[in-house]
Amino acid sequence: MQNVIVVTSGKGGVGKTTTSANIGVGLVREGHKVVLVDTDIGLRNLDVVLGLENRIVYDLVDVVEGTCRLKQALIKDKRYDGLFLLPAAQTRDKMAVSPDQMKVLIEDLEKEFDYIIIDCPAGIEQGFKNAVAGAKSAIVVTVPEVSSVRDADRIIGLLSASEIDDVKLLVNRMRPDLAKKGDMLSIDDVIEILGVGLIGVIPEDEMIFRASNLGEPAVGDDKSKAGAAYRATVKRIMGEDIPIGVFEEKDGFLAKVKKLFGGNR
Amino acid sequence: MGLFGKKRERSSSIAKDRLKLVLVYDRTGTSSNNAMIEMMKRDILRVISEYIEIDEDEFELDIKNSAMGGEGTVTSEIVANIPIKRIKRMSRNQY
């Protein structure tokens with residue numbers, strides 16, 4: 001995928017912010033210099049998912065309004081060399097920034113970073129327009145559920161209207177056992193309905209709760225199966241041809257992922 | 001697995017069918033849908049014009065929802081209005 005990627009979904013609560021954080025950290029683990037941009041002005045959360053909430057002085061709105069320089073607002077992650085966060089403002093609203101201002105901001109960031117990951121707010125209004133303004137590629141996050149897939153379809157339409165053609169799907173919180181029983185939409189169902197290529201499938205994983213409690217994305221956790229799925233997703237983003245595991249076999253998802261990584265754990 | 005068998009119907013199949021239907025409605029009127037209709041109009045116009053001269057300005061094509069299914073069920077259909085100006089002589093196909 002291209003270097004400026006917006007992570008979006010339409011529906012709230014499907015894992016946009018968690019996905020943004022994991023992809024960002026994952027790309028840094030692969031040696032890239034990455035900035036995560038939180039565009040959810042008024043409801044910021046990427047800072048807490050990354051465990052950087054106590055380090056915010058300036059934010060995106062300060063940069064756009066010229067209150068500070070871009071470099072002053074960028075928070076450097078001390079655990080991951082090469083990872084930076086540009087936090088959203090918490091006490092302003094989405095109208096504080098315009099799509100044109102976002103484009104300029106993203107162009108400035110492109111000079112410094114290999115990848116720019118933009119965490120998009122829920123909804124299809126101003127916040128969405130801001131988030132997609134400077135993006136070249138998009139990852140649409142969905143869970144295998146009617147309401148979420150429906151909203152994903154709407155978002156895919158809006159992305160194409162915004163002339164973002166490189167759109168990939170990430171199916172989150174997959175339960176292969178339920179899909180096998182016929183009580184959850186399968187990956188094939190979701191792809192058939194949405195007609196968009198798959199960048200990753202993240203299994204439901206209790207470890208995600210632990211990761212969010214700690215403020216440490218699961219992608220850095222070797223024991224987390226969601227983390228392993230995010231690591232595979234990151235490699236696909238970088239252009240590596242890694243097959244998505246077959247989910248309806250007996251040896252389960254974890255075994256599949258282990259195979260993908262050559263069983264080195 | 002029949003409806004009266006012991007096995008429950010797969011709820012995922014129902015979910016899939018519901019989604020497919022709701023997306024037909026959702027996509028109606030969106031800009032990408034309108035662009036698709038325009039492309040479809042252009043293609044249909046090109047094909048028909050090989051045989052029949054039609055009034056391009058009055059050519060209408062749209063996807064509409066209607067309550068034709070009975071029992072309150074809504075179905076989607078393509079509605080076309082293509083006024084004919086003149087039918088061409090089928091010289092090419094007279095073998």
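Within every chain, numbering begins at 1; the chains are lettered A, B, ... in the order of the sequence lines, protein sequences first and strands thereafter.
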Q: Using non-hydrogen atoms and a 4.5 Å limit, figure out which bit of B:Lys20 sits close to chain A: side chain, backbone, both or neither.
A: side chain
**Q.** Heavy-atom proximity to chain B below 4.5 Å, by part of A:Arg150
**A.** both
Q: Identify the two heavy atoms, one from A:Asn130 and one from A:Lys94, that lie closest to each other, and give their separation to 0.1 Å.
A: ND2-O, 3.4 Å
Q) About how many Å separate NZ of A:Lys225 and CG of A:Asp205, when rounded to the nearest 0.5 Å? A) 5.5 Å
Q. What heavy-atom pair brings A:Asp119 and A:Leu46 nearest, and what distance separates the two atoms?
A. CB-CD2, 3.9 Å
Q. Measuring from B:Glu77:CD to B:Ile63:CD1, what's the distance to the nearest 0.5 Å?
A. 10.5 Å
Q | Residue selection (most heavy-atom pairs with chain B, distance under 4.5 Å) from A:Asp189, A:Leu178, A:Ile193, A:Asp153 | A | A:Asp153
